[in-house]
Q: 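Quick one: the structure is below, and I'll ask about it shortly.
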Amino acid sequence: MVEAITATYIQEDADWAITVSGLGKELTARAPGIIAARDRADQLVEELGGDGKTTVVHLLNGSAFEFTQAYMTARLTLPKLPPLEVPPPGSVPKQQKAASDKKPALPPSKQLPKAVEESKPATEPAAAEKTTEQARA
């Protein structure tokens, strides 16, 4: 049989108070935001135990809809960033220009093994093709 667990959220200033009750137990905690509160509620549900077939109902002001609305708004809201400042053309120092002209380094997962890099010929690809064509002739 599935046992329902209730997670109740109450906003107190900037923090959230969480009460998780079910399986004859009740646990409480606090968190700095609704996203952190939801994560903390999951931890409290794990502490309650159970056989793994639990259903958790998250409530804000007694409503699962209000909790879902507040949680999804927090998850999908972009943080406020200062506006991007673009320097006027020609104001970038030469050092920054030289650094931006270089190719970015490949991440370690995309780099070839050292043995393969060492076995590569040092000649240009076009020069290697000419050498191959001359050898065929």
Side-chain angles (χ1 to χ4, degrees):
M1 184 171 166
V2 177
E3 177 73 28
I5 296 177
T6 304
T8 307
Y9 301 81
I10 300 171
Q11 187 171 13
E12 297 175 349
D13 297 323
D15 291 341
W16 289 80
I18 310 121
T19 303
V20 175
S21 56
L23 305 173
K25 300 176 190 172
E26 183 174 286
L27 300 173
T28 59
R30 294 179 64 80
I34 193 163
I35 296 171
R38 172 65 165 79
D39 292 340
R40 185 67 178 113
D42 288 341
Q43 294 169 355
L44 293 175
V45 168
E46 287 180 15
E47 287 178 30
L48 282 179
D51 59 1
K53 295 180 180 180
T54 56
T55 299
V56 181
V57 179
H58 300 270
L59 302 173
L60 174 62
N61 299 326
S63 169
F65 177 75
E66 278 192 50
F67 171 79
T68 302
Q69 184 179 19
Y71 179 74
M72 293 307 294
T73 299
R75 292 292 298 203
L76 298 174
T77 302
L78 295 175
K80 294 191 178 192
L81 301 173
L84 180 64
E85 294 182 22
V86 179
S91 66
V92 179
K94 289 183 181 180
Q95 291 175 345
Q96 288 182 355
K97 285 183 182 177
S100 65
D101 291 343
K102 294 180 184 176
K103 289 184 179 178
L106 291 173
S109 64
K110 300 290 184 184
Q111 293 178 359
L112 293 173
K114 189 175 181 180
V116 174
E117 284 291 337
E118 291 173 354
S119 67
K120 281 186 173 179
T123 61
E124 292 291 320
E129 289 176 14
K130 288 180 183 177
T131 306
T132 306
E133 288 176 15
Q134 289 173 355
R136 289 182 188 163

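Scope of the values below: all heavy atoms of this structure, side chains included, with no hydrogens, waters or symmetry mates.
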Q: Considering residues at least two apart in sequence or located in another chain, which fulfil the side-chain hydrogen bond (donor to acceptor under 3.5 Å, both in side chains) criterion with Gln43?
A: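 Here the qualifying residues are Arg40.
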Q: Mind checking the CG-CG spacing from Asp39 to Leu44? Nearest 0.5 Å is all I need.
A: 11.0 Å
Q: Distance-only criterion, 3.5 Å: show the donor-acceptor pairs between side-chain atoms of residues 22-33 and protein atoms not counting sequence neighbours.
A:
unit_1, atom_1, unit_2, atom_2, d
Lys25, NZ, Leu48, O, 3.4
Arg30, NH1, Glu12, OE1, 2.2
Arg30, NH2, Asp15, OD2, 3.4

Q: Quick one: list whatever passes side-chain contact (heavy atoms from CB on, under 4.5 Å) with Gln11, sequence neighbours left out.
A: Trp16
Q: Going by the rule side-chain contact (heavy atoms from CB on, under 4.5 Å), which residues pair with Val57 if we only count those two or more places apart in sequence or in a different chain?
A: Leu59
Q: What residues form a side-chain contact (heavy atoms from CB on, under 4.5 Å) with Thr73, not counting sequence neighbours?
A: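 With neighbours one apart ignored, the set is Gln69, Thr77.
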Q: Working to the nearest 0.5 Å, report the span between OG1 of Thr19 and OH of Tyr9.
A: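 Reported to 0.5 Å precision, the distance equals 10.5 Å.
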Q: How far apart are the closest heavy atoms of Ala7 and Val20, and which atoms are they?
A: CB-CG2, 4.1 Å
Q: Which ILVMFWY residues are connected to Ile10, directly or by a chain of links, through side-chain heavy atoms under 4.5 Å apart?
A: none
Q: Taking a hydrophobic cluster as the set of Ile, Leu, Val, Met, Phe, Trp and Tyr residues connected by side-chain heavy atoms closer than 4.5 Å, whether directly or through intermediates, do Phe65 and Leu76 fall within one such cluster?
A: no
Q: Mind checking what makes side-chain contact (heavy atoms from CB on, under 4.5 Å) contact with Ala74, not counting sequence neighbours?
A: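 Ala74: side-chain contact (heavy atoms from CB on, under 4.5 Å) contacts with Ile34, Ile35.
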Q: Suppose we screen for ring pair (Phe, Tyr, Trp, His ring centres under 6.0 Å). Which residues come up paired with Tyr71, at least two apart in sequence or across chains?
A: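 In terms of ring pair (Phe, Tyr, Trp, His ring centres under 6.0 Å), with neighbours along the sequence ignored, Tyr71 is linked to Phe67.
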Q: Looking at Ala41 and Ile18, what are the two nearest heavy atoms and their distance?
A: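 In this case the closest contact between Ala41 and Ile18 is CB-CG2, 3.9 Å.
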Q: Give me each pair satisfying salt bridge (charged side-chain N to carboxylate O under 4.0 Å, His left out) with a member in residues 60-84, each pair once, sequence neighbours excluded.
A: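 Qualifying pairs, neighbours excluded: none.
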Q: The criterion is salt bridge (Lys or Arg N to Asp or Glu O under 4.0 Å); which residues satisfy it with Asp42, sequence neighbours excluded?
A: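 Asp42 satisfies salt bridge (Lys or Arg N to Asp or Glu O under 4.0 Å) with Arg38 once adjacent residues are dropped.
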